[in-house]
Amino acid sequence: MSGIRPTGFLHLGNYFGAIRNYVKMQDDYECYFMLADVHSLTTHPDTKELKKNVLRVLAEHIACGLDPEKVALYCQSHLYETAELYLYLNMLAYKGELEKTPTFKDKVRQHPDNVNAGLLTYPVLMAADILIHRANYVPVGKDQEQHLEIARNYVNRFNHRYGHVFPEPFAFNFNKELIKVPSLDGKGKMSKSENQLATLFLADEDDVIRKKIMKAKTDNGPAKKNSVKPEYIENIFLLMKLVSNEEVIAKYEDGFNNCTIRYGDMKKQLAEDMVNLIAPIRNRVNAILNNEKYLEKIMKQGADKAIASAEATMQLVRNAMGLNYF
Ligand code: ADP
C-alpha cells in the first residue's frame, strides 16, 4: 500500500521513490495505491483545482506503467472506512509525539497561518491508510521512514490493547535502501512544492529538462586524483545512476577519479538519458488525459476493490475493540 498527494505534477522523486516500485510490485503482490486527496487538504484547502489534479495524477500513475486491472488504484476520499479507523487510532496517538514529528515541524514552518489539527495528525491518517488494508509493505521514499515507524507504534499499541489485528508495516524498496532523489540545486530533495526549477517533473518538455539539468551546480572539477565528491557532484552522479547505463556511469566515475571529467559533457549526457525516460511518460499522460470517461471508470473500479478490503478490516477492528453490540 502506498499513496501520493495530488498537489501538483509528479516528479522524479515520486517516480523513483514510489511509483517505480509500485510497477515492480504489481505482478507479485496484492497492491493498493492511493491518490491522497484528503492529505492534500492539510496544506491545500482550496478544492477548485482538486478534480483536475486528481485526474492528472491518476493518468501519470497509469502512464508510468501501473495496470489498473492488477492493482487497486483509488482515491483516499472514496474510502469512508479510513475515517473511522483514523478516529480509533487517534486515541492511541499522543500529542507530544505528534508535535515532535520532523515533518510536522517543517509544515509549521512552511504554513505558519494554517497549523490545523489535520497537519498534526497527518501520521495518524497515514497509518490508517496503510492499516485499512492490513498492509505489510509500503513502497515510499526515504522521507517517509519516520512515518512508518509511527505507524508501527500504533499497530503495537492496538494489537496489545485489543488483540492481534494488524501486521507491522515496513517501508519497502526493491533495491533495499530507500531513495532520496536530490534536487538539482544541491539543496534538499526534489519536491512538488519547493524549488520547482531544481525539480524534474514528468510533465517537463524536453528543452525544459535540458535547461534544468545544465543549470545544476558543478565546479571546475577535482584538483587531486581520487578526491571525495562534494555533495552537489555526488547528487549528479546519483541522478545518473538512476537513468544512465553502466558504461556511461563508469566513464564519468573514471573521469572524476582521474581529474579529466568535464561536467558540461556529463550534464548533456544526463539530460539526454533523462529525456529518454521522461518523454514517453509525458506523451502517454497527455493521451490518457484526453479520456476523462476512462479515468473515471478506473477510479470507480479502484474504489470498489479498496472498499471491499477496507470493510473486511473494519469488521475485524470493531470485533477486536468490542464495538459489536448486536
Ligand atoms: P511531495 O513531497 O512531492 O509532495 P508526497 O509527499 O506526495 O510528495 O510523496 C509521495 C511519495 O513520493 C512518497 O512515497 C515519498 O516518499 C516520495 N517522494 C517524494 N519526493 C521524493 C524524493 N525527492 N525522493 C524520493 N522519494 C520521494
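Residue indices begin at 1 and follow the sequence shown. Both ligands and their constituent atoms are indexed starting at 1 by order of listing. Every heavy atom of this structure was used, including side-chain atoms; hydrogens, water molecules and symmetry mates were not.
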- prompt: Nearest to atom 23 (N) of ligand 1 by heavy atom, M126, K192, M190: which?
  reply: M190
- prompt: Do NZ/NE/NH1/NH2 and the carboxylate oxygens of E30 and R134 come within less than 4.0 Å?
  reply: no
message: Looking at K180 and D143, is any side-chain nitrogen of the basic one under 4.0 Å from a carboxylate oxygen of the acidic one?
response: no
Heavy-atom check, side chain of F201 versus side chain of L12, under 4.5 Å: no
query: Hey, which atoms in ligand 1 end up nearer than 4.0 Å to a heavy atom of G17?
result: 25 (C), 26 (N)
- request: Report, in ascending order of atom number, the atoms of ligand 1 lying under 4.0 Å from any heavy atom of A18.
  value: 14 (O)
query: Can you hop from M25 to I179 via hydrophobic side chains spaced under 4.5 Å?
result: no
- request: Give the atoms of ligand 1, by number and element, whose distance to some non-hydrogen atom of G141 is under 4.0 Å.
  value: 14 (O), 15 (C), 16 (O), 26 (N)
statement: At under 4.0 Å between heavy atoms, what of V181 touches ligand 1? The answer is both
query: Quick one: is the NZ or CZ of K305 closer than 6.0 Å to the six-membered ring centre of Y74, and within 45° of its axis?
result: no
query: Any Lys/Arg nitrogen of K215 or D185 sitting under 4.0 Å from an Asp/Glu carboxylate oxygen of the other?
result: no
- request: Write out the residue and atom name of the closest protein heavy atom to atom 26 (N) of ligand 1, then the distance separating them to 0.1 Å.
  value: G13 O, 3.1 Å
- request: Could you tell me whether E145 and K142 have a side-chain N and a carboxylate O separated by less than 4.0 Å?
  value: yes
query: Which word best sums up how the rings of Y162 and F158 line up, parallel for under 30°, tilted for 30 to 60°, or perpendicular for over 60°?
result: tilted
field: Within one Ile-Leu-Val-Met-Phe-Trp-Tyr cluster: Y32 and L73, side-chain cutoff 4.5 Å
entry: no
- prompt: How close does the nearest protein non-hydrogen atom get to atom 25 (C) of ligand 1, and which residue and atom is it?
  reply: I179 O, 3.2 Å
- prompt: Between H11 and ligand 1, which residue portion shows a heavy-atom distance shorter than 4.0 Å: side chain, backbone, both, or neither?
  reply: side chain
- line: Nearest non-hydrogen contact to atom 19 (C) of ligand 1 from the set V57, N14, N21 belongs to N14
- prompt: For ligand 1, which atoms have a heavy atom of V140 less than 4.0 angstrom away?
  reply: 14 (O), 16 (O)
message: If the cut-off is 4.0 Å to any non-hydrogen atom of K180, which atoms of ligand 1 fall inside it?
response: 24 (N), 25 (C)
Residue R5 vicinity, atoms of ligand 1 by number, heavy atom under 4.0 Å: 4 (O), 6 (O), 7 (O)
query: Considering only protein heavy atoms, which is closest to atom 2 (O) of ligand 1, and at what distance to one decimal place?
result: K189 NZ, 3.3 Å
- request: Nearest heavy atom to atom 16 (O) of ligand 1 wins, so pick from D143, I19, L10.
  value: D143
